[in-house]
Protein chains: 2
Amino acid sequence: MSSRRDAVHDILRSSASFRSAQDVYAQLRSDGAKIGLTTVYRALQALADGGMVDVLRTDDGESVYRACTTDSHHHHLVCRQCGSTVEVAGPDVERWAEAVGAEHGFTEVTHTVEVFGTCAECSVSRTSR
Amino acid sequence: MSSRRDAVHDILRSSASFRSAQDVYAQLRSDGAKIGLTTVYRALQALADGGMVDVLRTDDGESVYRACTTDSHHHHLVCRQCGSTVEVAGPDVERWAEAVGAEHGFTEVTHTVEVFGTCAECSVSRTSR
DNA sequence: GGCAAAATGAAAACGGTTGTCAAAATCGAC
DNA sequence: GTCGATTTTGACAACCGTTTTCATTTTGCC
């Protein structure tokens with residue numbers, strides 16, 4: 001039904017890192033696509049609502065999106081420099097969060113966990129500069 | 001030097017939950033303080049820079065601040081309803097994050113971990129309603 | 001008091017995001 | 001295929017939290 005939404009989804013699927021809406025929009029335009037910024041936002045929102053992509057907030061308040069390869073619960077290891085992202089599982093962390101919540105009488109416990117660092121590639125290019 | 005900054009800090013210290021800048025501003029004004037929104041933002045920023053308060057981003061992009069009682073690294077267990085917050089330590093999580101980073105060749109690994117839930121008090125008031 | 005430096009705050013600017021609304025594309029029945 | 005209704009689209013304006021600007025006020029110091 002929505003070729004625009006697919007186009008947005010494709011961009012995300014072909015990228016290993018989290019991308020911002022403006023970012024996706026810019027790439028679509030430079031690829032020659034005729035699409036408006038509003039539609040990109042709508043597509044990203046729909047994809048996020050449908051659980052097709054993961055959403056994160058950057059420190060400066062931007063929403064960034066990523067098409068993750070697994071449907072199950074996972075977290076992200078994100079390179080601070082290049083943004084490339086590895087999906088990681090953390091069963092211990094899940095259990096810890098649950099336990100911490102229970103310990104203080106909290107119910108319906110959820111959690112957000114993100115790990116940041118400098119990836120091997122970026123470490124190299126930085127030291128060799 | 002800065003009585004306004006102290007006023008802002010006091011508000012945070014007397015609150016168990018994370019507060020937004022606008023929120024703090026509103027309370028100060030309703031308390032009768034003559035202070036501008038700009039100054040509140042500046043005070044919060046200074047306090048955050050100095051490590052006196054912790055900062056979080058809400059899902060809708062707002063920055064929220066809290067004066068934490070411990071200087072050491074910790075995480076938060078936040079009630080989804082009333083916002084009241086418990087500081088929690090998670091040595092296992094620290095180790096896990098470090099290990100995950102190392103495993104994928106990442107260096108300078110940091111992490112963000114927040115746990116959300118419904119606190120005992122809010123659970124009660126909801127079921128009894 | 002007098003003066004320089006720092007702090008303050010009203011208003012404007014900013015930037016990402018969302019709402020508006022008319023035009024365009026799509027769908028369904030005929 | 002046409003016709004009308006519904007959905008999608010996108011240019012533009014509005015929004016909202018935050019930051020910047022800059023003139024004024026307060027503070028620290030002699």
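Lettering follows sequence order; numbering is per chain, from 1.
- Residues that satisfy the side-chain hydrogen bond (donor to acceptor under 3.5 Å, both in side chains) test with D60(A), not counting sequence neighbours, are T58(A).
- Applying the ring pair (Phe, Tyr, Trp, His ring centres under 6.0 Å) criterion to F18(B), with sequence neighbours excluded, gives H76(B).
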Going by atom type alone, with no hydrogens or angles, which donor-acceptor pairs under 3.5 Å involve a side-chain atom of residues 24-32 of chain B and a protein atom two or more places apart or on another chain?
| unit_1 | atom_1 | unit_2 | atom_2 | d |
| --- | --- | --- | --- | --- |
| Y25(B) | OH | R29(B) | NH1 | 3.3 |
| Q27(B) | OE1 | R19(B) | NH1 | 3.4 |
| Q27(B) | OE1 | R19(B) | NH2 | 2.7 |
| R29(B) | NH1 | I35(B) | O | 2.7 |
| S30(B) | OG | Q27(B) | O | 3.1 |

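- For the segment residues 49-64 of chain B, the set of residues with a heavy atom within less than 4.0 Å of an atom of DNA chain D comprises E62(B), S63(B), in numerical order.
- As rounded to whole Å, 15 Å separates atom P of dT26(C) from atom CZ of R5(A).
- Residue pairs meeting the side chain to side chain donor-acceptor pair (under 3.5 Å) criterion with at least one partner in residues 82-98 of chain B, sequence neighbours excluded, are R66(B)-E87(B), T69(B)-E87(B), H73(B)-E94(B), H75(B)-E94(B), D92(B)-R95(B), E94(B)-H111(B).
- The nearest whole Å value for the distance from the OH atom in Y25(B) to the P atom in dT18(D) is 14 Å.
- Side chain of S15(B) to backbone of L12(B): no donor-acceptor contact under 3.5 angstrom is found.
- Counted by atom type alone, S123(A) and T118(A) present zero donor-acceptor pairs between their side chains at under 3.5 Å.
- Rounded to 10 degrees, the angle separating the terminal axes of the helix from dG1(C)-dC30(D) to dC30(C)-dG1(D) is 20°, with each axis obtained from five end pairs.
- Proximity of residues 26-48 of chain A to DNA chain D (heavy atom under 4.0 angstrom from any strand atom) is restricted to K34(A), I35(A), G36(A), T38(A), T39(A), R42(A).
- For T112(A), the side-chain hydrogen bond (donor to acceptor under 3.5 Å, both in side chains) criterion is met by no residue, not counting sequence neighbours.
- Between V88(B) and H74(B) the shortest side-chain heavy-atom distance does not fall below 4.5 Å.
- Summarising the geometry, the separation between CZ on R19(A) and C1' on dG16(C) is reported as 17 Å, rounded to the nearest angstrom.
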Which pairs of donor and acceptor atoms, one on a side chain in residues 36-45 of chain B, lie under 3.5 Å apart (sequence neighbours left out)?
| unit_1 | atom_1 | unit_2 | atom_2 | d |
| --- | --- | --- | --- | --- |
| Y41(B) | OH | Q22(B) | NE2 | 3.0 |

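- Every residue was checked against the salt bridge (Lys or Arg N to Asp or Glu O under 4.0 Å) condition with R80(B), not counting sequence neighbours, and none meets it.
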